[in-house]
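So that the names make sense, note that chain A is the first sequence line, chain B the second, and so on, each numbered from 1.
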Amino acid sequence: MRMSHLFGRTLREAPGDVELISHQLMVRAGMVRPLGAGIFSLLPLGWRVVRKVEQVIREEMDAIGGQEMLMPVVHPADIWKESGRFYSVGPEMARFKDRNDRDMVLAMTHEEVVADLCRTEINSYRQLPQIVYHLQTKFRDEPRARGGLIRVREFTMKDSYSLDADEAGLDVSYQLHWKAYDRIFRRCGLKFIVVGADVGMMGGSASHEFMAFSPNGEDTILICSSCNYAANQEVATFRREPPVSEPQQPLEEVATPNTPTIEALAEFLGIPKSRTAKAVFYRAGSGRFIFAVIRGDLEVNETKLRKIVQEGTLIPATAEEIRGIGAEPGYGSPVGVKEATIVVDESVRDTPNLVAGANKPGYHLKNVNLGRDYQADFVADIASAEDGFPCPNCGEPMRAERAIEVGNIFKLGTRYSESLGARYLDAEGKEHPIVMGSYGIGSGRVAATIVEQRHDERGILWPYEVAPFHVSLVSLAKESTDETAQAADRLYADLQAAGVEVLYDDRVDQSAGVKFADADLIGNPLRVTVSPRTLKQGQVELKGRSESEATLVPLADAVSAIQAKLAAIAAADRAAAGLEA
RNA sequence: CGGGGUGUGGCGCAGUUGGUAGCGCGCGGCGUUUGGGACGCUGAGGUCGGAGGUUCGAGUCCUCUCACCCCGACCA
């Protein structure tokens, strides 16, 4: 590609409202342009990257026996009604009616379509197992798009679906995907970790996320470096202290003016926060009032809480709602409240004689004890694991890190095959629901995440495998027809003939500085400079994007020297990623 | 949806007590330049997000509205 004709220009400055470095660099490099909130066009350079990411995905999916296909973006709502998600998924699913007033949806994922296909395509255990996948547009009307390309509303996802006869088969398919994903993200040059995760709206029995480290990540993960425990904070557990054994003391009301927070209360009474009980109030999607009680030194994990009470959404309750159940904001406790589902964290069960609110302003109760002073509907783990908390397996302190979720694998089980009636006959002629798994990777997100992890002050450092081009060929010719230009033209043609992907900066109206700056910004792994200065000695200059020094090679051998250099760069990438040569 | 912020040529910005819109970059032309974002001359490009209002007069003040960004509940 000649840069003089490349569609999409580079920018010296990023638009003012762009914050994330990946977003800035991809906009400046002329790879993406926004159309609306969370909606982007991929320009030729960006599209090349995404296509290469997708090519890596295809190769690794095919390697585990995946069969590529293509399912529609627009679905009749019927299948979503059959699975129940038409009703359970909120406004993030875009819905509309066709001209005949039929409900339609824009696909946000494809479990329903796969299950629907299985009804007719899969009848016998002999056809199992299967892995099918496609790369298709998804639309999710996110409450808030953010972070440039990291979180968008319209995106392309590789989603694959495993179809198995039983759980053991699903385990195999799950492991195959795990391995494929591991290779995909390594080949993309990402530093990542696999963590246990919440199943969310997908449902199912197990889920893991592939998390790429980034301070700009939206997720927090907890990692134990001594035993390799790793989990999304949403589901992370931690080793609890042994229960405190202490005789129960009589309940006692104390005046505690101006202590609506745990901090203020602990300071006023001169006790540690761990001797207080914190009350957190939610209004659930079903309308139920959820009253969570946790020790003052811990935080409520809403994902865990949602799962315990089996509610899709929890919204912090208003002061009026809190008073409506007989509690008092800032001075609340479960003692004496009614018409609320009370969920107590294990920490509160295991610590007697806590200080809790008296449900009137300015007063607390001392020596509050579960079972004696109030009853719980659930006693469970609803505490959030934080940086430094002890690992649930080995007790060593864990560290919290931010990360971007680049891939997710789910064991769905029979949730969709049962609701849509996707069944097969076993060897005995008995009918069973197909056991499904579902597995997703957002290709644009992967590209943006690579930029988050691999950039310097000048621009992007693409790994060889997904770089838009292998080589930035920079011509410093003064005229488009002089000897330098002719030499560069010839090298461009020779490299293309040799199968090297070249972005040829043939512009004669730009200074050397502009061309070098653009080459660094765009971030192809190798820069080749053809200039009058080196041409005099019959040489051209090679410089790896991550190298500080250039080397000179004879023009006559340039193609083979470039190929050798590219092979070395590719090999170095693979070695750094822990992949075989 | 709650909270905060921004809308002025393609990009980055300025615009005073309300007085008829400017700078840098970029873009076109001509010339001089050419190894790390060159220089001169010249030219094009703006219903100041939109609507309504106040005023002799609105980019500026008021009301409404739209869009976008950031922080919170969701996810590839």
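- Using a 4.0 Å heavy-atom criterion, one finds that T534(A) contacts the bases of the nucleic acid, with or without backbone contacts as well.
- Side-chain atoms of R527(A) and base atoms of rG36(B) include a donor and an acceptor less than 3.5 Å apart.
- With hydrogens and angles left out, the side chain of E541(A) and the base of rG35(B) share a donor-acceptor pair within 3.5 Å.
- Between rG59(B) and rC66(B), the two P atoms lie 23 Å apart (nearest whole Å).
- Looking at heavy-atom distances under 4.0 Å, R151(A) makes contact with a base.
- To the nearest whole angstrom, the two P atoms, one in rG18(B) and one in rC13(B), are 26 Å apart.
- Counting only N and O atoms by type, the side chains of T109(A) and E111(A) include a donor and acceptor under 3.5 Å apart.
- By the 5.5 angstrom centroid cut-off and the 30-degree plane limit, F155(A) is classified as stacked against the base of rA76(B).
- One atom, CD1 of I441(A), and another, P of rC75(B), lie 18 Å apart when rounded to the nearest Å.
- Pairing for rU34(B) is absent, with no Watson-Crick or G-U wobble pair whose two atom distances lie under 3.5 Å.
- Each of L521(A) and E13(A) was assigned the nucleotide of RNA chain B with the nearest heavy atom; the assignment lying further toward the 5' end belongs to E13(A).
- Using Watson-Crick or G-U wobble geometry with both donor-acceptor distances under 3.5 Å, rA76(B) finds no partner in any strand shown.
- With no hydrogens or angles considered, no side-chain donor-acceptor pair links Q539(A) and T534(A) at under 3.5 Å.
- The separation of rC23(B) from rG9(B), taken at their P atoms, amounts to 15 Å, rounded to a whole angstrom.
- Residue A37(A) is classed as a sugar-phosphate contact, given heavy-atom separations below 4.0 Å to backbone atoms only.
- Between the side chains of T10(A) and R28(A), no donor N or O sits under 3.5 Å from an acceptor N or O.
- Closest to the side chain of E218(A), from the set rC70(B), rA76(B), rC74(B), is rC74(B).
- In this model, a donor atom of one side chain and an acceptor atom of the other lie less than 3.5 Å apart for H75(A) and W80(A).
- Note on P15(A): only backbone sugar-phosphate atoms sit closer than 4.0 angstrom, heavy atoms only; bases stay farther off.
- Closest-nucleotide positions on RNA chain B for R533(A) and E302(A) were compared, and the one nearer the 5' end corresponds to R533(A).
- Taking atom CZ of residue R85(A) and atom P of nucleotide rC75(B), one finds them 10 Å apart after rounding to whole Å.
- Under the Watson-Crick or G-U wobble criterion, with both distances below 3.5 Å, rU47(B) is left unpaired in every strand shown.
- Rounded to whole Å, the distance from CD on E234(A) to P on rG72(B) is 14 Å.
- V406(A) comes within 4.0 angstrom of sugar-phosphate atoms only, judged by non-hydrogen atoms across all strands, and of no base.
- In terms of phosphate contacts, Q510(A) brings a side-chain nitrogen or oxygen within less than 4.0 Å of OP1 or OP2 of rC27(B).
- Between the side chains of E209(A) and S207(A), no donor-acceptor pair of N or O atoms lies under 3.5 Å.
- Rounded to an integer number of Å, the gap from K478(A) NZ to rG35(B) P is 7 Å.
- Looking at D520(A), its side chain comes within 3.5 Å of the base of rG36(B) through a donor and an acceptor atom.
- Taking the six-membered ring wherever Trp is involved, the centroid distance between the rings of F291(A) and F281(A) falls below 6.0 Å.
- If you check the side chains of H208(A) and N408(A), you find no donor sitting under 3.5 Å from an acceptor.
- At a cut-off of 3.5 angstrom, the base of rC75(B) holds at least one donor-acceptor pair with the side chain of R445(A).
- Base pairing of rG57(B) is not made with any nucleotide, judged by Watson-Crick or G-U wobble geometry with both donor-acceptor distances under 3.5 Å.
- Nucleotide rG12(B) forms a pair with rC23(B), judged by Watson-Crick or G-U wobble geometry with both contacts under 3.5 Å.
- Comparing rG29(B) with rC68(B), their P atoms sit 36 Å apart, to the nearest whole Å.
- One finds a side-chain N or O of R12(A) lying less than 4.0 angstrom from the OP1 or OP2 phosphate oxygen of rG26(B).
- Heavy atoms of R507(A) sit nowhere under 4.0 angstrom from any nucleic acid atom.
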Atom pairs, N/O to N/O, protein against nucleotides 42-44 of chain B, distance under 3.5 Å?
none

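- Taking atom CG on L476(A) and atom C1' on rU33(B), their separation rounds to 14 Å, with Å as the unit.
- Because its NZ or CZ atom is not both nearer than 6.0 Å to the ring centre of Y416(A) and within 45° of the ring axis, R85(A) does not count as a cation-pi partner of that residue.
- At a threshold of 4.0 angstrom between heavy atoms, the contacts of R458(A) include nucleobase atoms, whether or not backbone atoms are also involved.
- E405(A) has its CD atom 11 Å from the C1' atom of rC74(B), to the nearest Å.
- Nearest heavy atom pair, residue M61(A) against residue K158(A), reads SD-NZ, 3.8 Å.
- When only modelled atom types and interatomic distance are considered, Y282(A) and E302(A) share a side-chain donor-acceptor pair under 3.5 Å.
- Across all strands shown, the partner of rU6(B) is rA67(B), judged by Watson-Crick or G-U wobble contacts whose two distances both fall under 3.5 Å.
- With both ends at atom C1', the span from rU34(B) to rG24(B) equals 23 Å, rounded to whole Å.
- Using a 4.0 Å heavy-atom distance criterion, E142(A) is classed as a base contact.
- The same atom, P, is picked in rG10(B) and in rG45(B); the two are 12 Å apart, to the nearest Å.
- Taking 4.0 angstrom as the limit, R144(A) places a side-chain polar atom (N or O) nearer than this to OP1 or OP2 of rC71(B).
- Computed from coordinates, the Y161(A) OH to rA76(B) C1' distance equals 11 Å when rounded to whole Å.
- Set against rG37(B), rC74(B), rC75(B), the side chain of R146(A) has rC74(B) as its closest nucleotide.
- Between the side chain of R9(A) and the base of rG37(B) there is no donor-acceptor pair of N/O atoms closer than 3.5 Å.
- Only the P atoms considered, rU47(B) is 13 Å distant from rU8(B), to the nearest whole Å.
- Contacts of V474(A) with the nucleic acid, taken as non-hydrogen atoms under 4.0 Å apart, are absent.
- Per the geometry, CD belonging to E299(A) stands 14 Å off C1' belonging to rG72(B), to the nearest Å.
- Judged by distance alone with a 3.5 Å cut-off, no donor-acceptor contact links the side chain of D17(A) to the base of rG5(B).
- Between the side chains of H177(A) and S160(A), at least one donor N or O lies within less than 3.5 Å of an accepting N or O.
- Side-chain N/O atoms of S511(A) include none lying less than 4.0 angstrom from OP1 or OP2 on rU34(B).
- Heavy atoms of A477(A) sit nowhere under 4.0 angstrom from any nucleic acid atom.
- Nucleic acid contact for D219(A): base, since at least one base atom lies under 4.0 Å from a heavy atom of the residue.
- Going from the P atom of rC27(B) to that of rC11(B) covers 15 Å, rounded to whole Å.
- A cation-pi contact links K411(A) to Y174(A), judged by a cut-off of 6.0 Å to the six-membered ring centre and 45° from its axis.
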